[in-house]
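Note on naming: letters A, B, ... go to the chains in the order of the sequence lines (proteins, then strands), and numbering restarts at 1 for each one. What you see is a predicted model, and the numbers here were worked out from it, not measured in a lab.
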Amino acid sequence: MAILEVKNLKAYYDEVQILWGVNFKVEKGSLTTILGPNGAGKTTTLKAIMGLLDKVEGEIIFEGENIKNLPPYKRVERGLVLVPEGRMIFPELTVLENLEIGAYTSKARKFAKKNLEHVFELFPRLKERIHQKAGTLSGGEQQMLAIGRGIMACPKLLILDEPSLGLAPKLVLSIFEIIKKLKEEGITLLLVEQNVHLALNIADYGYILENGKIVDEGDAKKLENDPKVLEAYLGI
Amino acid sequence: MENILQVKNLSKKFGGLIALNNVSFEVKKQEILGIIGPNGAGKSTLFKCITSIYKPSSGKVYFEGKDITYLPTYKKVKLGMAITHQIVKPLKELSVLENVMVGACYGKANLSLKEAKEKALEILDFLGLYDKKDLEAGKLNVPQKKRLEMARALAGKPDLIFLDEVLAGLNPAEVSKMLEVILKIREKGITILMIEHLMHAIMKISDRIIVLDHGQKIAEGTPKEIAKNEKVIEAYLGDPKFALKLVKH
Amino acid sequence: MSIYIDTLINGILIGLIYSLAAMGLALIWGVLKVINLSHGAFITLGMFFAYLVFKYFHIPPYISVFLALIVGFILGFISYFIALHRIVSKAKSFKEYELSSLLSTFSLSLIITGILLFIFATTPMAINLPLSLFQTKLLASIFSIIFTVALGLFLYKTYLGKAIRAVSQNIDAAKLMGINTTLVLAISFALGIALAMGAGNLIAMVFPFSSLSGASYELKSFIICVIGGLGNPIGTIIGGILLGLLENFFGLFFNQGFVPFIEFTILILLLLFKPKGLFGGSK
Amino acid sequence: MKKYIALSLSLSLILTGCFNKKEESKTQSPQISKTEKASSKDYIVIGYTESKTGKLATESREQSQGLKLWAEDVNKNGGIYVKALGKKLKVKLISYDDESSKDRVQQLYTRLITEDKADFLISPYSSGLTASAAVVSEQYGKILIATGAASDKIFKKGYELVYQIYTPASRYLKDAIDLLKEKYPNVKKIAIVYENSNFAKSVANAAKKYAKDNGFKIVIFESYEPGTSDFTTLINKIKKSGAQAIIGGGHFTDGEALAKQINDSKLPLKMVAILVAPAIDKFKEIGDAALYVSGPSQWEPKVNYSPKTVSGTFFGISSKEFVKKYEEKYHEKPSYHAAGGYTAGLVLQKAIEDAASLDTQKVKQALDNMDIYTLFGHIRFEKAPYHGRQEGHKMVIVEWQKNPSLEKEIVYPKEAATNNYIPYDKKFKK
Amino acid sequence: MKKGLFSLLISTFIILYFLFLPIVKSSPILREASFTTLMYIGLAISLNILMGFTGYVSFGHVVFFGIGGYTTFTLLYYYNFPLILALLIAGILSALIAGLLGFVVLNLRGAYFAIATIGINEAVKALVNNLDFLGGAEGLFFNMKIYKAYGGPQNALWLSFYLIGLVTLIALIVSYFIKHSKFGLGLFSIREDEDAASTLGVNTKLFKTLTFMLSAFFPAIIGGIFFFKNGSIDPQSAFSLTKSVEMIFMVMLGGLGTILGPVLGAVTYDKIKEALLVSETFKNLHLTISGIILLLIVLFVPEGIVGFLRKKIKPLKNILD
């Protein structure tokens, strides 16, 4: 069963159209990935799903209900959670406060304590820096915090936007290990990545987005060997 | 061939973070030099330090043999540098024509308003934006905005032009069109320094490529040399071995 | 010697009263990035509120302050949706947002001041309690500390408070955390106005006032915000005390007439060299 | 470019020309219309501006209320008898809001003169606004009765037609110093603290000079900014200086705060004489802090000016009657601003009656020769060098005393006194 | 027609209308009313040069009005300078002060710049308040004798009126030429994006400072004329923050950065205010009503009258400026 289904999604910045009818699904319990070159509209797609754009057309069906007209906070309350590109942590809040804010919705607050333990289990580094201001963390730690904050929200679907962006290869590896772990724990994930090999390696299913349209989709294994992927992503 | 630009041991620190670490390279006249590297590698910072948008922490920049490290940006532009932005910065409420006229008026060309208008129209024609000349710049779409950035930079009759991801967000057809433009610009005797993610494009067009990672230059050479470089594959393309490790884990 | 101690004590007390006045401005500036030019008008409104409640119900200001906070909160909440909500959601750029919000809050101040002038003209008012001036100052200062502590606890210990801080740092990220940012912004503005009215309410018991009294507190509040930064209530307290001490000691040694000149010169210099406050990093 | 400017220039000339033609008949030469009007005149139009908004609103309103009461009184009696016209003319007041700002004062006074055809003018409240208005009234040859304006400087300007009702600032605190010298020959050290505003500064400067000339030592001479509400530092300074008397102040709010804080300091002072605040009734709201605070006043409800109490010609109602009428109409005690407003009207009325005409020059003559007593006291104007400055009117010194409840008594000059002066520090001696 | 010329034409016409109407009718009441209107137009045009062309919003611009007023007044009062010379000196001095201040303050952006300009105004006001040489809080008063040199007060008032008309007209023409010059193009690029402008070769700092100086020049002369005409000056009326905000209001009302905007804005504002002040129903609440009008403009027509007309009436789009 699909937890999220996006149908004919069109989105605009001011009057410029960015998405031209995007269709995709995320199955419950799966890890789905959306790949594509810079400027293909990946982040725009995610913003549209989260309700951060003014002008959006089409259907966004989450757990069987069209949520297109809900304000962002209501979407989060329903369990749709995005770990945004560039991490967007709250630099002046401490690590702990960032995590607490992650559990802002009333439902998440109930599980805050349990989730906090879980986050510290996943990222022991964060526990060491619990009272440090988030702005003083290194890039990798900030990414961990951003993901941790997402987990705090009790997500039914956790969306990760470019989690490896700007990270050293070693850190990229550990971030992907965490993602894999989350998947094994049964969290449904939607991953947007530049790093094709890594993404397809851990994903179940993938979509290729180019110029605001889905140009290809399929099993992750199949896509990895698909010349179309290389063309879209590397332009080879 | 003669150097137009020389960068020596350029470093930039933001607080404790080292964004650029001792980067040195040279650019020859009329060459196309590509700069690649993963996001956050320091490519844009490098551009910004060379053009004085950021003040470098240490190091020197020479333009046509002169030390210009600490000249303010506008003076560098007047000397013959032209800059485009990764995140396009159109002067939103001015018309496309006026945008380009700013470049012509205040670049190296230093034209009068009337001359600038002629020059701007010529360049808009060259870049295929002529029919949009009276539109407010903010209303252009992304590829058009990118071309506007180029047009503004060119209008000042520069000797050296910095292109920061001008191909990003363009579709393959647009990319090849833009590549043609870039080559034509070079034919005019202009040196080009470009940051780019699109591998096939930069491979095709560059004379030489520099690879940055974590603020350091990790490789320099012809496109062919770069494509084979292990370090580059690991840092930039994503190491296939890593992926394998994950699966076996 | 005792003169210096007197001056020190008075400087601190006056400083605390100034920070009381500045708290609301700092909160709104910090969270909404709006320099609330109606701040002074709301302080004045608080003063008249205290006056009327005292006159007709004989409730002294140190009690009616709680009423003033409630009324201020309601007025602030309404004002947000009248004067700011449209700007927050429609502004195309931060620049436009800044300018429009300055003007819209200024028009709020015109509206309020106009009504106050219509009713009370500039008749001087005072609330005369059976307390000495020192006692009323002390009382107001205590409230200043209570407000600071309460505001600090609220901002740092409650979910809503943390949400307010989160919104002030990154509004898009806050939306992604499931925070109803419109509500949080409205609450922040309302809180700021509530604090302004509360401050006015308390100041009215210390000093006489008229329909135009708020303006000078507004200007002092700017200076305090620039000294103390916008980060947290402690900065405001310190900023206020520094200003109070400066005024008092400067006045002791030099001609008092020059105090405002010194204050505004400091404001400009701080803006130029330490725009994030004395204790913030450099620019 | 030049072409366009020339074009628009000529265009606008033509257009203004067109408008002009249509209304030409209205703008006849002034002499003709004057005589025409004179025969058909039903009203004497008196124009003034009131600060309905802005920082002067309260005082200005009181002044205007006094003036309105006068107009009502006059009209009840059928108006002012103008002999030249052989009939009584009613008075018509026209006023606009000047917002307590100079911006529009001249515009509004010009409007009063040229459009509303005011025959005479009353000043706005405050010296600053009066000075602006006077430039206009003077050039149109209109008489301006200045009330609520105590500045001396206005009268240095060489005006011919401006007449001041108030005792000028230079004499404001003179009586207080005289009183001090008379009663306490040992007191030598005076502190003068004043609001850094137009009015208070001129009073303080004059007081400083007068006190020095009378052998006092000014140990503190310092200003504070308008809007100051905390005087602790100043009082500490005074404490240090060993001053035996404080004189100063500015407007009501700061004066009230100053009085309160001097009271808190328990300084052994012989006199605390403050401008404005003690003269206003609200001052008693500060309770015991008001006790034995004194101050100069232009006029007091308690003064007893009536045909019986003065030696010269008395004109108009007695001060007692005025207080009664004012209280009936406005349900508050009249302040000296209100009495000043009423008196401005009276003075004008008297001058018109004496001149037996509405002609400016004749009325001016009458004003120049005027030497009368009114509910406000003595009124006489200087001839030169400060033409029009008030020289007849005397201030009174009031002091808040307890008998048994807090009450304002007149303590100086003797002729007007209702009680004896009590030194300020008596309140601290049990 | 060349872009903007139409607007210049209308603006010139409006100014000349207010200038010539009282002259032709030799009506003092019209002259007084027009004086205020022309003064507001001049102030709005000057502020627009800074605020409209570079995007820097000065909340304390009245400081230059006051500086000009005091300079003129002092030169006439103490040294008997001829008026025109005194006015020119006032303009130049004010521009120089603006140059010095601008050099540092223009590094601040947005609201911080706004606050700093308020600070400057208040600091100068506080300083003048304490300078006995300038009359301190009491201010200075002319003797009527000073007017004698200009043919008595009546003629002096007419002279002030001609001068204000002339200055306003010059300010208009200067602002037009700036807007349509290379310099102006540079300014507009600063307004749109200061960083982008400097990467296109615009010496942003110099341009901003020069503009600040220019926008301080005219208010100083206007201030000089205004206080000459009033015959007295004091810090409260010379450095009134309210007037500062009124200036912003007029520019916003008319249309930021346009040629016609400040003129229309000033006239509209002045006429609305005049009507409110003398209206029986509204005169007591005119402050509140202006507040409501300002709020409605900011919320619903932030582009001002000119912007609104351009948007709603297609044929005007390209000729109105």
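Rounding to the nearest 0.5 Å places CG of C/Leu110 at 8.0 Å from CZ of E/Phe249. For the atom pair CD (E/Glu194) and NZ (C/Lys95), the distance works out to 6.5 Å, reported to the nearest 0.5 Å. For the atom pair C/Ser107 OG and E/Ile292 CD1, the distance stands at 9.5 Å (nearest 0.5 Å). Within the model, atoms CD1 of E/Ile297 and OG of C/Ser104 stand 12.5 Å from one another, a figure rounded to the nearest 0.5 Å. Atom CG of E/Leu294 sits about 8.5 Å away from atom CD1 of C/Ile111, to the nearest 0.5 Å.
In this structure, chain C has no heavy atom under 4.5 Å from any part of E/Ala137. Interface remark: C/Leu267 contributes side-chain atoms only to the contact with chain E (heavy atom separation under 4.5 Å). With a 4.5 angstrom heavy-atom cutoff, E/Val104 touches chain C via backbone and side-chain atoms both. Contacts between E/Phe59 and chain C at a heavy-atom distance below 4.5 Å involve the side chain alone, from C-beta outward. For E/Ile248, the part lying under 4.5 angstrom from a heavy atom of chain C is the side chain only. Using a 4.5 Å cut-off between heavy atoms, C/Leu37 contacts chain E through its side chain alone, with no backbone atom that close.
Within residues 246-262 of chain C, the residues having any heavy atom less than 4.5 Å from a heavy atom of chain E are, in residue-number order, C/Gly257, C/Phe258, C/Pro260, C/Phe261. Using non-hydrogen atoms only and a strict 4.5 Å limit, the part of residues 17-35 of chain C facing chain E consists of C/Trp29, C/Ile35.
Note on C/Ile266, C/Leu102, C/Ile223, C/Ile87: by heavy-atom pairs under 4.5 Å with chain E, the leading option is C/Leu102. Taking chain C as the reference chain and counting heavy-atom pairs below 4.5 Å, the highest number among E/Ala123, E/Gly136, E/Pro302 is found for E/Ala123. Annotation: maximal heavy-atom pairing with chain C below 4.5 Å, among E/Ser290, E/Gly55, E/Ala126, E/Ala114, occurs at E/Ala126. Of the listed residues E/Leu127, E/Ile289, E/Thr242, the one with more heavy-atom pairs under 4.5 angstrom with chain C than any other is E/Leu127.
Residue E/Tyr112 forms a side-chain contact (heavy atoms from CB on, under 4.5 Å) with just one option from C/Leu271, C/Leu272, C/Val226, and that option is C/Leu271. The only member of C/Leu116, C/Leu117, C/Ile115 that meets side-chain contact (heavy atoms from CB on, under 4.5 Å) when paired with E/Thr288 is C/Ile115. Among E/Ile115, E/Ile120, E/Leu108, the one residue that satisfies the side-chain contact (heavy atoms from CB on, under 4.5 Å) test with C/Ile268 is E/Ile120.
Around CZ of E/Phe308, the count of heavy atoms belonging to other residues, nucleotides or ligands within 6.0 Å does not exceed 12. Summarising the local packing, CZ of C/Phe77 is surrounded by more than 12 heavy atoms from other residues, nucleotides or ligands at distances under 6.0 Å. Other residues, nucleotides and ligands place more than 12 heavy atoms under 6.0 Å from the NZ atom of E/Lys271.
Listed by chain and number, the residues in a side-chain contact (heavy atoms from CB on, under 4.5 Å) with C/Ala194 are C/Leu69, C/Phe73 (sequence neighbours excluded). For C/Leu219, the side-chain contact (heavy atoms from CB on, under 4.5 Å) partners two or more places apart in sequence, or in a different chain, are C/Phe222, C/Phe264, E/Ile118, E/Glu122.
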Check step by step if side chain to side chain contact (heavy atoms under 4.5 Å, CB included) holds for E/Leu295 and C/Ile82.
CA-CA 9 Å; E/Leu295 187 60; C/Ile82 292 175; 3.8 Å; yes
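Residues C/Leu99 and E/Met252 come closest through the heavy atom pair CD2-SD, 4.0 Å.
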